[in-house]
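Contents: one structure, followed by commentary.
Each chain gets a letter, A, B and so on, in the order its sequence line appears, and its residues count up from 1.
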2 protein chains.
Amino acid sequence: MAETTPNTYTISELAKEFNITTRAIRFYEDKGILNPSRKGQKRIYSPRDRILLKLTLRGKRIGFTLAESQKLFDMYQHGEDNKDQLETMLATLDEKDALLTQQKLDIEEMEAELQAARERCFSAIKKIDNA
Amino acid sequence: MAETTPNTYTISELAKEFNITTRAIRFYEDKGILNPSRKGQKRIYSPRDRILLKLTLRGKRIGFTLAESQKLFDMYQHGEDNKDQLETMLATLDEKDALLTQQKLDIEEMEAELQAARERCFSAIKKIDNA
DNA sequence: GTTTACCTTTACGTTAACGTCAACCTTGAG
DNA sequence: CTCAAGGTTGACGTTAACGTAAAGGTAAAC
């Protein structure tokens with residue numbers, strides 16, 4: 001058999017992998033995002049915990065709060081039977097999607113401006129060098 | 001002559017246009033982002049103030065802090081002659097640009113997941129309706 | 001057996017970005 | 001004149017997302 005992916009992680013392994021502190025990881029647990037099991041008093045993280053952590057961090061990078069990520073995860077897991085909850089979730093998803101669309105526009109405009117600023121920079125430096 | 005764009009704004013006009021509070025606008029002034037003139041004690045905003053405000057809000061939407069926006073504006077204005085400052089600015093711009101690139105990836109992945117979640121939602125609702 | 005390296009809980013501190021009064025001008029309308 | 005609509009300056013309150021000790025358990029290594 002080939003290498004099998006480990007099916008548990010320690011807190012510091014995850015911290016290292018995602019370049020965050022163990023404090024942050026415990027904090028996410030407080031917020032109900034992660035639910036590691038315990039071996040004695042030590043936390044043991046499953047691949048599922050790892051995925052949730054990854055998604056959470058990705059969410060953060062695009063401006064999701066922890067509460068928002070948690071809410072999405074929560075709906076994703078427990079909303080299979082309740083129609084109202086499913087529809088709330090759909091609304092939330094649409095709302096988030098609209099935000100992402102706006103963000104993409106913002107990013108493109110911002111990139112254009114950064115590029116313009118960069119060019120201004122270059123020519124200003126050239127001017128100095130040729131002085 | 002056709003309609004000319006107004007060249008001054010009151011604080012509440014800007015607040016209404018951008019759907020923020022006057023408190024926020026004054027806060028941005030505290031942070032050195034805006035520099036309205038005064039008529040008596042009242043603030044008068046120029047088109048330039050308005051643009052800076054707009055850029056600031058756009059920056060916020062993609063995760064720039066006020067300090068970061070302020071720093072960019074500041075460099076943009078006072079860095080024309082200092083080579084070191086120009087190079088610092090270039091580095092900052094590159095850094096920001098890398099972040100934006102990552103953000104675009106994050107957004108696309110997140111959109112894919114939202115779409116998947118949406119489809120799960122739909123079929124779950126259908127199931128309920130057909131039960 | 002005692003460092004050393006991680007792990008734990010508890011709890012107060014911190015920063016950003018405003019919100020929310022309070023207490024006070026001012027100015028055009030009636 | 002007065003009063004309602006907006007504007008002003010403090011200044012304290014709030015939320016999110018951790019940072020930063022403090023004080024201790026535990027287990028493999030020497």
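- Listed candidates were D/dG7, D/dA27, D/dT9. Nearest to the side chain of B/R43 is D/dT9.
- In the displayed structure, B/R48 atom CZ is contacted under 6.0 Å by at most 12 heavy atoms of other residues, nucleotides or ligands.
- With C/dA16, D/dT8, D/dC18 as the candidates, the nucleotide lying closest to the side chain of B/I11 is D/dT8.
- Remark: the backbone N or O of A/A15 is not paired with any side-chain donor or acceptor of A/S12 at under 3.5 angstrom.
- A/R61 places its CZ atom 15 Å from the P atom of D/dA17, with the value rounded to the nearest Å.
- Salt bridge absent: B/E113 and A/K96 never bring a charged side-chain N and a carboxylate O closer than 4.0 Å.
- A heavy atom closer than 4.0 Å to some atom of DNA chain D occurs in A/A24, A/F27, A/Y28, these being the qualifying members of residues 24-40 of chain A.
- Between A/Q115 and A/E119, the side chains place a donor N or O and an acceptor N or O closer than 3.5 Å (distance only, hydrogens not considered).
- Rounded to whole Å, the distance from NZ on A/K42 to C1' on D/dG25 is 9 Å.
- The side chain of A/T10 contributes an N or O atom lying less than 4.0 Å from OP1 or OP2 of C/dC7.
- Between A/L14 atom CG and C/dC6 atom C1' there is a gap of 14 Å when expressed in whole angstrom units.
- Linking Ile, Leu, Val, Met, Phe, Trp and Tyr residues whenever their side-chain heavy atoms come within less than 4.5 Å places A/I11 and A/L66 in a single cluster.
- In this structure, CD of A/Q41 is placed 6 Å from P of D/dT26, rounded to the nearest angstrom.
- Nucleotide C/dC18 holds its C1' atom 9 Å from the CG atom of B/L66, rounded to whole Å.
- Relative to the side chain of A/R23, the nucleotides C/dC7, C/dT9, D/dT20 differ in distance, and D/dT20 lies closest.
- Rounded to whole Å, atom P of D/dC18 lies 3 Å from atom NZ of A/K60.
- Salt bridge status for A/R43 with A/D49: absent, with no side-chain N to carboxylate O gap under 4.0 Å.
- Between B/F27 and B/T21, the closest side-chain pair of non-hydrogen atoms is not below 4.5 Å.
- Across the protein-nucleic acid pair, B/I44 atom CD1 and D/dG6 atom P stand 16 Å apart, rounded to whole Å.
- Using a 4.0 Å heavy-atom cutoff across all strands shown, A/T21 reaches sugar-phosphate atoms only and no base atom.
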